[in-house]
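Order of the sequence lines sets the chain letters (A, B, ...), proteins ahead of strands, with each chain counted from 1. Only a predicted model underlies this, so the values are computations on that prediction, with no experimental measurement involved.
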2 protein chains.
Amino acid sequence: MYTETAMLGLDVPLRASERAYRQLRGEILGGLLAPGAALLEVEQAERIGVSRTPLREAVARLITDGLVVGRRGRGFEVTDISVDSISELYELRQALEVQAIRLAATRRDPAPFMKLRDAFVSAPELLEQGDIGVHRYYVLIDELEDAVDVAVENPFLVGALRAVRTHLARIRRLARRNPLRLRAAAAEHLLIIDAIIAGDPSLAAHATHIHLHQSLLSVLAAIEEDSVGSRSTTAAD
Amino acid sequence: MYTETAMLGLDVPLRASERAYRQLRGEILGGLLAPGAALLEVEQAERIGVSRTPLREAVARLITDGLVVGRRGRGFEVTDISVDSISELYELRQALEVQAIRLAATRRDPAPFMKLRDAFVSAPELLEQGDIGVHRYYVLIDELEDAVDVAVENPFLVGALRAVRTHLARIRRLARRNPLRLRAAAAEHLLIIDAIIAGDPSLAAHATHIHLHQSLLSVLAAIEEDSVGSRSTTAAD
DNA sequence: ATTGCGGTTTCTGTATACACAAGAGCGATC
DNA sequence: GATCGCTCTTGTGTATACAGAAACCGCAAT
């Protein structure tokens, strides 16, 4: 998530409010702060090592992100994730991603997608290589998303997508990875990439629609299994 | 802080940060604070009558709303609206509204839309009545949007739509109202409402697509006319 | 005349102090 | 023994004080 990019000389003293925001956000996304966990201003400010003013600013941002809700009376708490909310999030996600892919297929510079194509072609082999391969695969997905964002050239749309992806990160933590699903997802991604390269917006849009449909089914199945109690091995992408 | 127990529970204990946020937001949306206008913390805090802390919170919210941007070095300024950004906003708007209408047509309780149908049927007469009628017409559109929001039953999607509508409010100010366009828009809305009542998601989606296409054309034409210098009389909806 | 430098000023970022409201615990009373 | 009420604690909302940084202005030097 947040790799300390020491290579970039941007280690300039970060504002306290920004530090607090990133730390809290990372902890929520990473599951360290579980849904329903209470956030008291004084307590958190002390823990992170900033005063209450910048911490309040950080919490305010988390609230607009939808990661935290103020609760009646005292304090705040980490938003929880219901099965319903996952389906709802996917309804928004579908609208945004289909539109984004459509625009990307229209406006794209083919070059970066050609490179991604090569990478996704060899994704199945990657997924043979255990955890490290799986991690590389997720990095690949991030690169695909970035390439789409660039091709879309629409700050409003990209901003909305980023907000959705924030919540997705938490959902992925709930759904364990399933090699079978991951391989199928890689094939779906390849189809999308090919459609973008071909400059075929409709094909790209429909492929995305299907991909997200399968992704949601997979996530819901994983949650279902988890709640039944057996160990789940399903993944979203 | 005085607990003003007024008859309406609405204006009871309004936080200073909330007051500042609403006032600034209203002034930006109303055009009182023009794009590019500088916002200095101390100056604005004094003007509104709150201290800097709640004002900072308000400005932070405006920034996440996209109405204000922090500028390098000193202060903040009101975001400006470019023609490009309007088209971009409409790309996002289309994705969201089409999805929302689709879901509304699937899940709707027909009753509120029947009532709206009646109102929109008599919209042309309403639009004969000058400014007051036009204002009533806009109220009608608000009610339609609210009914859709309720029918959609998806906080994520509705939240994203609200963000878009914030920006739309500013754009509508640029495009003066044009009776012809308003009448055509009313007919388009009627078609959408009928499709929702009929429970026909595809029809509703396509009608929305067309409506937004026409709306964007109208807005862009109005901007074009304005920049040429002649007085524009075009409206968005 | 233009450009570079330094002092001054103003503004932001942060910490902290204070006021008010909401709960929790404890005691008194029925 | 239970319930009501009071107080005491705790936590948020707001104001303000202080420090550091960036822009502006003027002056001087080329």
Return the value, rounded to whole Å, for the distance between atom [atom1] of [X] and atom [atom2] of [N].
| X | N | atom1 | atom2 | answer |
| --- | --- | --- | --- | --- |
| A:Glu18 | C:dT14 | CD | P | 10 Å |
| B:Glu43 | C:dC11 | CD | P | 8 Å |
| B:Tyr21 | D:dT14 | OH | C1' | 20 Å |
| B:Arg56 | C:dC11 | CZ | C1' | 10 Å |
| A:Arg19 | C:dT14 | CZ | C1' | 11 Å |
| B:Phe76 | C:dC11 | CZ | P | 13 Å |
| B:Glu46 | C:dC11 | CD | P | 10 Å |
| A:Leu55 | C:dA15 | CG | C1' | 13 Å |

Any donor-acceptor pair under 3.5 Å from [X] side chain to [Y] backbone:
| X | Y | value |
| --- | --- | --- |
| B:Thr79 | B:Val68 | yes |
| B:Ser17 | B:Ala58 | no |
| A:Arg52 | A:Val42 | no |

A:Pro54 or B:Leu39, whichever maps to the more 5' nucleotide of DNA chain C
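Residue closer to the 5' terminus by nearest nucleotide: B:Leu39.
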Choosing from D:dT14, C:dA15, D:dT12, which nucleotide comes nearest the side chain of A:Glu41?
D:dT12
Which nucleotide in C:dC11, D:dG11, D:dA15 has an atom nearest any side-chain atom of A:Leu40:
D:dG11
Got a donor-acceptor pair under 3.5 Å from the side chain of B:Thr53 to the base of D:dT16?
yes
Using a cut-off of less than 4.0 Å, is there contact between a side-chain N or O of A:Arg52 and OP1 or OP2 of C:dT16?
no
Nearest 0.5 angstrom please: B:Leu89 CG to B:Leu168 CG, how far?
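Rounded to the nearest 0.5 Å, the CG-CG separation comes to 5.0 Å.
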